[in-house]
Every structure is written in C-alpha cells, then in structure tokens.
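Working notes, structure below.
When reading the values below, keep in mind they use all heavy atoms of this one structure, side chains included, and skip hydrogens, waters and symmetry mates.
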Amino acid sequence: MADRVLVCVAWPYANGSLHVGQLAGAYLPADIFARFHRLVGNEVLMVSGSDDHGTPTTVRAEQEGRSPREVTDQYNAEFKETWKQLGIQFDIFTRTGTDNHREVAQDFFLRLLDSGHITKGTMQALYCPKDNRFLPDRYVEGTCPRCGFDGARGDQCDNCGHPLDATDLISPKCRFCGQQPVVRDTEHFFLQLGHFQQRLKDWVARQTHWRPQVASFTRGFLEQGLQARAITRDIEWGVPIPLSGFETKRIYVWFEACIGYLSSTIEWSAAHGDPEGWKPWWSQPTKSYYFIGKDNIVFHTIIWPAMLMGRGDLTLPTDVPANEYLNLEGAKVSTSRNWAIWVPEFLQRYDPDPLRYMLAANMPETRDADFTWEEFRRRNNDELVASWGNLVHRTLTFTVRNFGGKVPDGGNEVTEIVEARAVETLATVREMLEGCHFKNALREIMALSQFGNKVLDDRAPWRQIHEDRAACADTVRGLLTLINALKVMTYPFLPFSADALHGLLGYSDDLLARGWTLQRLESGTPLPTPQPLFKKIEE
C-alpha cells in the first residue's frame, strides 16, 4: 500500500533572491526526497511559500522606499520562476500574505488562546526615541550574550543558533539610525511553552531516527527549561491579532510562519475542489518531513510541535532533516556583504542539473560544507561529463552506429551480471533516500556508473563487433539495462538529464510512470540520434 508523505519546506523571506546556500540547506533535499517518493508510487504533497511578513522584508522596504507588498510581490514571483528553472516541484508554493493564511493563523491563535496555552502579559521591548517607535527584533543588532558574537540579531544569533529576545543583546543599536534604544513596557501575548516541557521531552526521546545534530541541539534546548515566549509585536506589517484593542500590533512571524505548512495544505485542497481534503495530510498514518536549515531547528522541533500539541488535532513531525550551512570559498555566506552566489544569476550561465549535482554531492547533512568554483567545474567535468555522461553517450552512439539504431537481440550473460549489481544498488539507494541520506545515495549511484564504465572498457565492444557480434550484442544490452537503471536513480537528483535520457532510450511516456524498478529495453526498440547529456565547463 502506498504511503502518504507530506513534505514541508522552509519558507524563504521575500526580501531578496535565493542563494545556493539556501538550496543546499532545504530546497534541493526536499525536492530529491519528494521526487523519489513519487517515483516509488507514494502519495506526495510538497508545500511551501514566501514568508511575506518577516521583518527582513520591512527592513528592505524601508531601505528602498517601497511598500512591503511591492517587495514581496517581486520576490514571490521570482521564487516561482527560480523553482521552475531548477526543477523544484512544489505542489503549492504560496505566500503568507494570502487571506487564507491570515484566517488559518488567526484561528490557530484563538484555539491556543481559548485553551490557555496563550496568555496576555507585559514585556519589555526596545524603543527608539529618535525614530519614535518600538523596534522589531531584526531592527536591532548587538552582541550575543551567549557566545559574544558581535552582529547578533534581536531574534536569533546566527553564530551559535540560539533564539534571543532583543532585550537580551549587549550594547544593542537601532539598525537604521544607529542609536541605542531604551527599554519600555508593552502588552503582548505569550505562548506558554512550559506547558509542553515534559511532553516534548518524551516525544523527542522517541525520535531515534533524527540526525545527531538535530537531536542534540533540541535536547540541549529542552534541558535549559522552556520559557513563555512572546508571539506578538508592535509592528504594522503581518497577520492582525483577532482581538479588539490590539489593532496596532501583529502576530509575530516566527509563530505564524510555521502555520503556513497547514494553511498551504488547506489552500491546495480548496484549489482542487475538496475543502476537506487537507485533513488526511494532517492525521495518521501520514508521514510529515520538514526540510530546513540548522538555524530553524528549534522552531520545528520544539515550538511548532508545542503549537501542534496545544491544538491537539494535528500530527507531529515525523522527521526534521535539517542541514548545516554551505559556506562559499571558505567563508560564511553573508547576504548583507553580498558574499553569496545568487541562483537567478547562476542559472543565466549554467544548466540546473550540474548545480543540483554539485550541491547534492557536497550536501551539508551533518557538518558545514564549502562551495568552490573549482570543485563545481571539476565535478561537472570529471563526474558528470567524463563518467556518467560518457558512459551514456559512448553506449548509445555505439548502439545506433552498429545495430541499425535499434536495441540488439543477443545473449544475457552481461545483462544478468549488470542486473544483479543494479538491483542491489536500487535497494541500497532506496533505503538511503527513505532515511534522507542524499549525499551517500548519490555516491552509490555514481559508483554504479563507474562500474558501467569498467564493463564497457573490459568488454571492449568496438573489438567484439568484429570478433563476436553476439557477444557484442550481449554487452550492449547489458550496458543499456544498466543505463536504464541509472536513469531511474538519477531522476530525483538530475531530473532534466534523466528525462532527456528517457527519450534517448526510446521511451515516449512519462519517466515517473515507470516507477523505481529495473527494466530491460525490448529488442528492436528504435533509438533516436544520441545527444550529450552534459557540457564541459571551461576554467
């Protein structure tokens, strides 16, 4: 029986273009995972959208003299074009600025308020006398009280990953005027995380399949003891608080953005003419996976599960396969310093599959990784062009040239050897992808490609064709079977070249319809003129 798999992907702030670090951190692994599960026949729903309400958006809007809506419209449209060019297949990519999201978030808020998990209280916030306003968390920068990092934001330190309140910062400054703000009292609503301390601790203890860094970070945060956390702010851009007397305040982004996973599912369901169709995706036995970067772990392993527990009628995450950071040429990516590779610019110069391959082969699953232009060129030229692409092109060119453009009929000796190895690799790769081990899965796939090149070199069909045509046909059939299996396994990683290869092998249907199986090409199948799958990149 097919599984139901909900793939929830981090919501990018709609304040700038996507960079390759974000792809490696969340979006590429999610797409690989979703494509794999579709291929094996599971029911998959992959959801996300742009985070319109984050303070990074209002910061950019103020800097550029535009409205937040103008900024978010621009980048939501750009994100959708980027996904299309990269082959990132969302079933729905929406935004937090929709009426649907506002209604779902407000309903969620009221449910937790009615059950006593949200309470009203007074908090201290930073106020800028010069600008005459309370400062949202990202409008403040200072020194982290935990690790001493100079440049921590008022909501989180990017250096040590711990969530912060702006008032925790040492020597805080307003990002706009540079003045030191003052502390003032303001009334807000608080999520009582302490209500869920023991339930979360027991639940986390059962998640033995989580990545080590995700589990250890979450346990460490729980051991500190969960405190009430303010979920509203003195801002004008965001989801309004659905209560009178709070018209100048909004539900804060870290609370309502996670609700986007639910609201996007509801929006998708309604768009397909089934207003109740979202419910099976949020109940057993659906498995839900949350693909995020490591800076968002606490929100998805503690805060969002606490919110789900408080609501009581929705399933908790199955896994949170958070990735570490992808650095650039040995230095941490910094959008403020423009130290990043922006994806739209990248795609103006290079095809998407080589980028997907580089990021998957170097994916920061358990530790930070590094992107260098030299490694990108080397992996493209040595692994995609000279190994995998070379195996395909040599085999197809030889077949078309020497067997009348058709799959030959012949013996099964090589085919059976190849099939045994391919079936073993299919099983290994499947297990790895089910466990979100993408880098190792790709390594196994490329090892099978190298095996195919060895078979090609050892059997030397260019000599066999003159000495023993039947043996040559056996070699070619075996190699075509191997390539056909590799086509299936590379599809989640390299969808464009896999689809192209599907056609080069004589198929006219959808690759997905063939499933995660090993198939022999039928003798006599006509093959089109071979075309290289990849292009060499010059230094």
Side-chain angles (χ1 to χ4, degrees), residues 3 5-11 21-22 24-30 32-34 36-37 144 146-147 155-164 191 193-227 229 254-255 257-258 261 282 284-310 314-327 360 362-369 431-441 443:
D3 291 336
V5 181
L6 176 63
V7 182
C8 301
V9 196
W11 292 57
Q22 292 170 291
Y27 304 105
L28 178 59
I32 293 170
F33 189 73
F36 160 72
H37 277 284
C144 175
R146 293 181 176 272
C147 69
D155 62 342
Q156 187 175 31
C157 175
D158 282 340
N159 187 57
C160 66
H162 279 275
L164 299 169
L191 176 62
L193 289 173
H195 290 185
F196 310 99
Q197 172 85 38
Q198 191 58 47
R199 288 179 63 186
L200 283 168
K201 189 174 181 180
D202 294 342
W203 174 69
V204 169
R206 296 193 297 270
Q207 311 310 309
T208 56
H209 57 286
W210 282 6
R211 290 180 176 172
Q213 72 272 23
V214 175
S216 61
F217 187 89
T218 303
R219 286 194 298 266
F221 198 86
L222 282 168
E223 288 170 2
Q224 299 172 19
L226 298 181
Q227 306 298 319
R229 190 167 173 87
W254 70 259
F255 179 86
C258 283
Y261 301 123
W282 288 90
Q284 296 292 347
T286 295
K287 299 177 181 178
S288 56
Y289 295 80
Y290 292 78
F291 288 86
I292 59 169
K294 70 177 180 181
D295 54 336
N296 281 321
I297 289 175
V298 67
F299 297 103
H300 291 78
T301 62
I302 293 180
I303 295 174
W304 177 232
M307 293 166 60
L308 293 171
M309 289 176 179
L314 305 174
T315 53
L316 298 177
T318 302
D319 198 1
V320 184
N323 274 354
E324 302 288 299
Y325 291 140
L326 181 73
N327 297 322
N362 197 27
M363 191 171 286
E365 293 177 10
T366 57
R367 62 177 63 88
D368 289 355
E431 182 178 0
M432 288 178 173
L433 291 180
E434 286 174 340
C436 300
H437 304 299
F438 306 108
K439 184 161 59 175
N440 288 339
R443 188 176 294 123

Cut-off 3.5 Å, side chains only: do N323 and R211 have a donor facing an acceptor?
-> yes

If we only count heavy atoms from C-beta on, is the W11 to Y261 side-chain gap below 4.5 Å?
-> yes

Minimal heavy-atom distance between T318 and T286, with the atoms involved, is OG1-O, 4.4 Å

Could you tell me whether E431 atom CD has more than 12 heavy atoms of other residues or ligands within 6.0 Å of it?
-> no

State, yes or no, whether a side-chain contact exists between F33 and E434 at a heavy-atom distance under 4.5 Å.
-> no

More than 12 heavy atoms of other groups within 6.0 Å of K294 NZ | yes

From S288 OG over to L316 CG, what is the distance, rounded to the nearest 0.5 angstrom?
-> 8.0 Å

Find the distance between CD (E324) and CE (M363) and round it off to the nearest 0.5 Å.
-> 13.0 Å

Search all heavy atoms of E365 against all heavy atoms of K439 and return the closest pair with its distance.
-> OE2-N, 2.8 Å

If you look at every heavy atom in Y27 and Q22, which pair is closest and at what distance?
-> CD1-O, 3.2 Å

Any idea how W254 and F299 line up, ring-wise: parallel (<30°), tilted (30 to 60°), or perpendicular (>60°)?
-> tilted

Any side-chain heavy atom of V320 within less than 4.5 Å of one from I297?
-> no

Indicate the atoms forming the closest heavy-atom contact of D368 with Y325, along with that distance.
-> OD1-N, 2.9 Å

Can you tell me how far CG of L191 sits from CZ of F255, rounded to the nearest 0.5 angstrom?
-> 6.0 Å

C160 and C144, any side-chain heavy atoms less than 4.5 Å apart | yes

Does a side chain donor of either Y290 or W304 reach within less than 3.5 Å of an acceptor in the other side chain?
-> yes

For the side chain of Q156 and the backbone of D295, is there at least one donor-acceptor N/O pair under 3.5 Å apart?
-> yes

For W210, is the NZ or CZ atom of R219 found under 6.0 angstrom from the centre of its six-membered ring and inside 45 degrees of the ring axis?
-> no

Are P29 and P321 close enough that some pair of their side-chain heavy atoms sits under 4.5 Å apart?
-> no

Could you tell me the separation between the CG atom of L314 and the CE atom of M307, rounded to the nearest 0.5 Å?
-> 10.5 Å

Between OG1 on residue T218 and CD on residue Q207, distance to nearest 0.5 Å = 10.0 Å

Mind checking whether P317 and T301 have side chains closer than 4.5 Å, heavy atoms only?
-> no

Is any side-chain heavy atom of L200 closer than 4.5 Å to a side-chain heavy atom of I302?
-> yes

Measure across T315 and L308 and return the closest heavy-atom pair with its distance rounded to 0.1 Å.
-> O-CD1, 3.5 Å

Tightest non-hydrogen contact, residues R229 and L193, listed as CB-CD1, 4.2 Å

Check whether any side-chain heavy atom of V5 sits under 4.5 Å from a side-chain heavy atom of V7, and report yes or no.
-> yes

Output field: ring centroids F291/H300 closer than 6.0 Å = no

